[in-house]
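One structure is given here, and the rest of the page talks about it.
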Amino acid sequence: MGAGEGVRRVLPARPLDRDGARPDRRPDRDPRERGDPPVRLHPGPRLRRRDPRRVHQRLHDPAPRGRDPDRYPGGRRAARAGGPGGGRGGGDRGPRQPRGGPVTTVRTRFAPAPSGAIHVGNARTALYSWLTARHHGGAFVLRIEDTDASRVSEEAVHLVMDSLRWLGLDWDEGPDVGGPHAPYRQSERLDIYREHASRLLSEGRAYRCYCTPEELEQRRREALAAGRTPGYDGRCRTLTEAERAAFEAEGRPAALRFAMPERGFVVHDLLKGEVRFAPGSLPDFVIMRSDGSPTYLLAAGVDDLLMGMTHIIRGEDLLASTPRQLALMEALGATTFPTYAHHPLIVGPDRQPLSKRHGATSVEAFRERGFLPEAMVNYLAILGWSYGDRDLFTLSELVELFDISRVSRNPAMFDVQKLEWMNAHYIQQLDDDELAARCLHALTAAGLLPEPSLVRRAMPLVRERMKVLTDAAPLLRFLFTDDVEPDERAATVLTGAPEGYLEAAAAALERVEPWTAANIAAALDVLAQGAGLSRTKGWQPVRAAVTGSTVSPPLPESLELLGRERTVARLRAAVARAR
RNA sequence: GGUCCCAUCGUCUAGUGGCCUAGGACACCACCCUCUCAAGGUGGAGACACGGGUUCGAAUCCCGUUGGGACUACCA
């Protein structure tokens, strides 16, 4: 495993040189063909279990690849056997810097582009970042990536913050709370990006590109049609003074393009291991649009650097852009780089990455459907991360146990059924007061006028019948409205009841004293027996008449809550309706 | 097309060369319990994509095939 020791180092340092330029399909793939020491191509399990606190490696340092015998005392089995405290993967003897550098506290960020409500995939990314920060006692920052003004809205920013807060993910620095690197909204940092961009320009690390989007698109299509690689060909990189002057005279708007170094890059990813990018596979990219606004690549790169992020946890759709950011940071003078972890995306039932097409996938939508934040967080954590055979974790347990390097490398399918099961589990954990409080909104949203004390008393009847909070509404509807017109099934039950049965029921219940579930049950039994009916057959007509449904919480308890008067009234109303 | 990532029950996963006759959870099926619906209990069915190699031994390491996915924007 010697050569693999460098996996956590994020340096784009190691040039792939001529090897990487080989035209064959797997440049640089077979270490045996080269003079180099063998390179671990697939991260061994141990490699993925590093203590993420050891960050910020220097760029071109050959790196001491020595072993760290103390890193994983006993390996994971031993760590696990040690219980919660021992589950941290071993490296708990404090942050260590390879060369005695300053101790770096972990800093992670969540950087959404607020183009709408945050969806569960992003929420999971936020959770992983947050957990990584909290696990290591570091800082979590919220940064708003709104450099594309056309796509963001103020409302969306608040929606994002609301969802995060609801999930219980707080941030130490952000647009609302400020912090040492404020502002945290990229639209308010435009000067910073401009400044860095012009520095890159003056240092020759970036150049003006006069190609118009139309021309670019045209060439792209041609390249594709001809079977060539469609990336930018770098033509404006080598413009002569005369050509440049001509374009300027023409009044062509110029974008700023970053000049990628002519070499390969290797991204050391906590989940993927060493990911190599050969020279030539990384075209020059735009960092400033012709309108003077920064692109994501510039803004994110500059901010991650300036804000001192140590760990960048994000979806693997961004993996391919990482070498660009590394190159950019390097050009900006960075000597230390963040550690990256690119996790797989969440997919929908069709195996396609989860998106709006899959219906309501926003955190807000799940909240509205009556999911508990406890369940949401637990499920999201489990979706792609595991800790032995356990799958129930509270947020604080997650903080204790979470390890980003143990996140799965497979895309996970979002399984609402499991989420529902988990939600039901957390509903069971709540006491009646708490459950009632949380149900109120769902009841109101269903058009009912819930009376809080009655809701509270009804909780024991419905809690184990609910998967989501909104399940309470149909179950408890009969308590909060007198409009209990029987549905189709209930109507069938009512017409099937013996002649005079409901009148008898009304009369019998009227005499129950005191009005308790036990007494009600006894009366109902007498009633059914008198008519020669089983409990099942005998109670259903009463249920249908009183609740308007064939499904309800336990009948006697339901009637107790409803009260004698309303119960009897509904039975008589049903009789009247039948005539 | 090019670059990159990925591959264990239907789903999420455990697995780190012998503890594997592959474990758990959700879902599913059957039975029990039962006033409806649930919940609960008991039991059951269900997977290492394929082909080579390395090894005494492979789910595990290597190569390939196949199949998914990402990126390839003056979007993030």
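Lettering of chains follows the sequences in order, A, B, ..., and the numbering in each one begins at 1.
Between rG2(B) and rG64(B), the distance separating the two P atoms is 15 Å to the nearest Å. Here the separation of rU60(B) from rG17(B), taken at their P atoms, is 12 Å to the nearest Å. Spacing between rC48(B) and rG15(B) at atom C1', rounded to whole Å, works out to 10 Å. Nucleotides rU21(B) and rG46(B) have their C1' atoms positioned 15 Å apart, rounded to a whole Å. Look at the C1' atom in both rC26(B) and rC32(B): the space between them is 22 Å, to the nearest Å. Taking atom P in both rC12(B) and rC74(B), one finds a spacing of 35 Å when rounded to whole Å. Spacing of C1' atoms, rA59(B) relative to rG23(B), comes out at 13 Å, to the nearest Å. A distance of about 22 Å separates the C1' atoms of rA30(B) and rA47(B), rounded to the whole Å.
Side-chain to base pairing of Arg409(A) with rC5(B): no donor and acceptor N or O lie closer than 3.5 Å to each other.
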Are there any protein N/O atoms within less than 3.5 Å of an N/O atom in nucleotides 9-12 of chain B, and if so, which ones and at what distance?
| unit_1 | atom_1 | unit_2 | atom_2 | d |
| --- | --- | --- | --- | --- |
| rC12(B) | OP1 | Arg351(A) | NH2 | 3.1 |
| rC12(B) | OP1 | Met413(A) | N | 3.1 |
| rC12(B) | O2' | Ile382(A) | O | 3.4 |

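When rounded to the nearest whole Å, the span between CD of Glu420(A) and P of rA25(B) equals 19 Å. If you measure from atom CZ of Arg220(A) to atom P of rG1(B), you get 15 Å, rounded to the nearest angstrom. Whole-Å rounding puts the Asn378(A) CG to rA25(B) C1' distance at 11 Å. One can place CG of Asp291(A) at 13 Å from P of rC74(B), the figure rounded to the nearest angstrom. Distance, Leu469(A) CG to rA38(B) P: 19 Å, rounded to whole Å. With rounding to whole Å, Tyr387(A) atom OH is found 17 Å from rG23(B) atom C1'. Protein atom NE2 of His343(A) is 12 Å distant from nucleotide atom P of rU13(B), rounded to whole Å. Atom pair Ile312(A):CD1 and rA76(B):C1' shows a separation of 14 Å (rounding to whole Å applied).
Annotation: of the two residues near RNA chain B, Pro230(A) and Ser293(A), the 5′-most nearest-nucleotide partner is Pro230(A). Nearer the 5' end of RNA chain B, as judged by each residue's closest nucleotide, is the contact made by Trp421(A), out of Trp421(A) and Leu318(A).
Looking at heavy-atom distances under 4.0 Å, Pro556(A) makes contact with a base. Counting non-hydrogen atoms under 4.0 angstrom, Leu319(A) reaches the backbone sugars and phosphates but no base. No contact: Glu217(A) has no heavy atom under 4.0 Å from any strand. Here Cys211(A) lies in heavy-atom contact (under 4.0 Å) with a base. Across all strands shown, Pro344(A) has no heavy atoms under 4.0 Å from either base or sugar-phosphate atoms.
Checked against rU13(B), rC4(B), rA76(B), the side chain of Val275(A) finds its nearest nucleotide in rC4(B). Looking at the side chain of Glu464(A), the nearest of the listed nucleotides rA70(B), rA38(B), rG24(B) is rA38(B). Closest to the side chain of Thr295(A), from the set rA25(B), rC35(B), rC74(B), is rC74(B).
Shown here are the side chain to side chain contact (heavy atoms under 4.5 Å, CB included) partners of Asn122(A), two or more places apart in sequence or in another chain: Phe110(A), Ile118(A), His119(A). With sequence neighbours left out, the ring-ring contact (aromatic ring centres under 6.0 Å, His included) criterion links Phe285(A) to Phe258(A). Taking the side chain to side chain contact (heavy atoms under 4.5 Å, CB included) definition, one finds that Arg194(A) meets it with Leu190(A), Asp191(A), Met288(A), sequence neighbours left out.
Side-chain contact, Glu214(A) with Gln218(A): no donor N or O sits under 3.5 Å from an acceptor N or O. Under the 3.5 Å distance criterion, with hydrogens and angles disregarded, a donor-acceptor pair is assigned to the side chains of Asp350(A) and His358(A). Donor-acceptor pairing under 3.5 Å is lacking for the side chains of Arg314(A) and Ser321(A). Tyr379(A) and Asp415(A) share no side-chain donor-acceptor pair at under 3.5 Å.
Judged by the 6.0 Å distance and 45° axis criteria, Arg257(A) is positioned over the aromatic ring of Tyr232(A). Under a cutoff of 6.0 Å and an axis angle of 45°, Arg263(A) and Phe265(A) form a cation-pi pair.
Here Arg390(A) pairs with Glu397(A) in a salt bridge; the nearest charged N to carboxylate O distance falls below 4.0 Å. A salt bridge links Arg235(A) with Asp233(A): at least one charged nitrogen is closer than 4.0 Å to a carboxylate oxygen.
Nucleotide rG18(B): paired with rC56(B) (Watson-Crick or G-U wobble, both distances less than 3.5 Å). Judged by Watson-Crick or G-U wobble contacts below 3.5 Å, the nucleotide rA47(B) has no partner. Across every strand in view, rA7(B) sits in a pair with rU66(B) that passes the Watson-Crick or G-U test at under 3.5 angstrom.
For rA73(B), neither phosphate oxygen OP1 nor OP2 lies less than 4.0 angstrom from any side-chain nitrogen or oxygen of Arg324(A). Applying the 4.0 Å criterion to OP1 and OP2 of rU36(B), one finds that Ser552(A) has every side-chain N and O outside that range. Between rC74(B) and Arg257(A), a contact under 4.0 Å exists linking OP1 or OP2 to a side-chain N or O.
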Return all side-chain donor-acceptor pairs below 3.5 angstrom for residues 547-555 of chain A, not counting sequence neighbours, or 'none' if the list is empty.
| unit_1 | atom_1 | unit_2 | atom_2 | d |
| --- | --- | --- | --- | --- |
| Thr547(A) | OG1 | Arg543(A) | O | 2.7 |
| Thr547(A) | OG1 | Ser549(A) | N | 3.1 |
| Thr547(A) | OG1 | Ser549(A) | O | 3.1 |
| Ser549(A) | OG | Val551(A) | N | 2.9 |
| Ser549(A) | OG | Val551(A) | O | 3.1 |
| Ser552(A) | OG | Arg543(A) | NH1 | 2.7 |

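Listed by residue number, Arg535(A), Thr536(A), Trp539(A), Gln540(A) are the residues of residues 534-542 of chain A with a heavy-atom contact under 4.0 Å to RNA chain B.
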